[in-house]
Amino acid sequence: MTITSPHLAIAAAASLAAAAGLGWFAARAEAHGSPSWYAADTRPVTITEASYAPERHTVEVRGTVLQDLKTGILPPTVRIDLSCDGLGVVEVPVRAEGARGIWEWTPCNHAVPVPPGAVCVRTAFGATAQETVR
């Protein structure tokens, strides 16, 4: 099936997103090919920035976590895995800001000599996210 109208594309994406429980913003992101940040509020952990600074040989990783749906508790930490290979894992504390938690990590200068292709994050409750490092 080919959808030629942008309005039909939005409607189709909305029904798919509603079936998946993602809501209107995720549907809009799907229909317009927008970045995944529209759906950030529905995911338990989100990577909002993953960048590599070649002049300093370091990365900057930031994101958010939501409260656990069953307990209503924010995870105390997230585990960041550079290159998603299980080798460069660091545990970072989560700072509460209302019902949401904020986490961020930047290692020392020259600590990451080669840019990692991706970064993976796992909460203490098991939620995961992956993002390409830019």
Side-chain angles (χ1 to χ4, degrees):
M1 174 172 106
T2 303
I3 298 174
T4 56
S5 163
H7 299 291
L8 289 175
I10 291 170
S15 47
L16 286 173
L22 296 178
W24 183 83
F25 289 114
R28 184 167 183 256
E30 275 297 313
H32 292 287
S34 300
S36 60
W37 59 267
Y38 280 113
D41 289 341
T42 63
R43 294 179 291 170
V45 62
T46 306
I47 300 169
T48 56
E49 181 177 340
S51 59
Y52 182 74
E55 66 282 354
R56 295 185 338 214
H57 298 283
T58 192
V59 294
E60 202 169 314
V61 186
R62 293 187 177 133
T64 62
V65 293
L66 297 179
Q67 296 173 343
D68 182 62
L69 292 176
K70 294 177 185 172
T71 64
I73 298 171
L74 280 173
T77 61
V78 295
R79 287 186 176 186
I80 299 171
D81 181 0
L82 294 181
S83 298
C84 301
D85 58 6
L87 298 176
V89 177
V90 63
E91 198 154 336
V92 176
V94 172
R95 183 178 72 246
E97 287 190 6
R100 179 174 299 206
I102 306 294
W103 54 268
E104 55 191 6
W105 180 65
T106 302
C108 299
N109 287 341
H110 305 289
V112 186
V114 178
V119 63
C120 292
V121 175
R122 176 182 290 276
T123 70
F125 299 138
T128 61
Q130 180 175 341
E131 187 66 45
T132 302
V133 177
R134 298 183 199 332

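Residues S83 and G117 approach most closely at OG-N, 4.3 Å, considering heavy atoms. Smallest separation of non-hydrogen atoms from V133 and A118: CG2-C, 3.7 Å. Here the shortest heavy-atom pairing between A99 and Q67 reads O-CG, 3.3 Å. Among all heavy-atom pairs drawn from P107 and V112, the shortest one is CG-CG2, 3.8 Å.
Using the six-membered ring where Trp is involved, Y52 and H57 have ring planes that are perpendicular, over 60° apart on the 30 and 60° scheme.
Inter-residue side-chain proximity for V45 and T64 is flagged as unmet; no heavy-atom pair is nearer than 4.5 Å. The shortest distance between side-chain heavy atoms of T106 and R56 falls below 4.5 Å. Side chains of C108 and T58 form no contact here, defined as non-hydrogen atoms less than 4.5 Å apart. In this structure, the side chains of T128 and V121 stay at 4.5 Å or more apart for every pair of heavy atoms. A heavy-atom distance below 4.5 Å is not found between the side chains of F125 and V65. A 4.5 Å side-chain heavy-atom check between V59 and P116 finds at least one atom pair inside the cut-off.
Rounding to the nearest 0.5 Å places CZ of R122 at 13.5 Å from CD1 of I80. From D85, atom CG reaches atom SG of C120 across 9.0 Å, with rounding to the nearest 0.5 Å. Going from atom CG of L82 over to atom CG of L87 covers 10.5 Å, rounded to the nearest 0.5 Å. One distance of note links OG of S51 with CZ of R134; it measures 9.5 Å at 0.5 Å rounding.
One hydrophobic cluster, built from ILVMFWY side chains closer than 4.5 Å, holds both W103 and V90. When hydrophobic clusters are built by joining Ile, Leu, Val, Met, Phe, Trp and Tyr residues whose side-chain heavy atoms come closer than 4.5 Å, directly or via intermediates, L74 is grouped together with V92.
Residues T77 and E91 bring a donor and an acceptor atom of their side chains to less than 3.5 Å of each other.
Between the side chain of D81 and the main chain of V89, no donor-acceptor pair closer than 3.5 Å is present. Side chain of T71 to backbone of I73: a donor-acceptor contact under 3.5 angstrom is found.
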* **Full working for side-chain contact (heavy atoms from CB on, under 4.5 Å) between V78 and W105** => CA-CA 10 Å; V78 295; W105 180 65; over 6 Å; no
* **R95/E104 under side-chain contact (heavy atoms from CB on, under 4.5 Å): CA gap, chis, key distance, verdict** => CA-CA 9 Å; R95 183 178 72 246; E104 55 191 6; 3.8 Å; yes
